[in-house]
Amino acid sequence: GKLDSPNMKPENLAKGEGAVIKLDGHRKGAYRDDEGKLHIVDTTCTHIGCEVEWNNGDKTWDCPCHGSRFKYTGEVIEGPAEKPLQKYDYKMIDNLTSEDS
Ligand code: FES
């Protein structure tokens with residue numbers, strides 16, 4: 001898959017803007033909501049691992065392989081994926097922590 005903005009930092013995203021970026025050396029999906037909050041997800045589809053792409057019209061992460069769609073927060077909108085995208089708590093670039101850990 002392609003990186004939309006390899007050198008983009010999440011804090012540079014405008015409100016309502018999303019992109020696949022490189023964060024701490026890894027591909028991540030980033031979206032800044034209308035209130036300015038950043039939402040960071042893993043771009044690996046939870047179906048069988050294709051790379052999701054940002055859909056700016058619907059503000060969703062869409063998988064090109066079998067059509068799964070996810071909210072910018074990671075929740076499944078449409079299968080076949082059943083599990084949400086892994087979410088991350090964005091504090092600092094080199095201190096990226098999974099919300100589950
Ligand atoms: Fe994403 Fe199948 S890998 S829908």
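Both counts, for ligands and for their atoms, begin at 1 and track the order of listing. All values below come from the heavy atoms of this structure, side chains included, with hydrogens, waters and symmetry mates left out.
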- Less than 2.5 Å separating the SG atoms of C50 and C65? yes
- Check step by step if side chain to side chain contact (heavy atoms under 4.5 Å, CB included) holds for D33 and K59. CA-CA 9 Å; D33 69 21; K59 311 296 184 197; over 6 Å; no
- Task: Decide if the gap between the ring center of Y31 and the ring center of W54 is smaller than 6.0 angstrom.
- Result: yes
- Note on the structure: Counting only protein N, O or S atoms (no waters) closer than 2.8 Å to atom 2 (Fe) of ligand 1 gives 2
- Single hit among N56, D62, D58 for side chain to side chain donor-acceptor pair (under 3.5 Å) with T60: D62
- Query: Does any N or O in the side chain of K87 come within less than 3.5 Å of the main-chain N or O of H39, such that one atom is a donor and the other an acceptor?
  - Reply: no
- side chain to side chain contact (heavy atoms under 4.5 Å, CB included) between F70 and T43: does it pass, once the steps are laid out? CA-CA 10 Å; F70 304 85; T43 54; over 6 Å; no
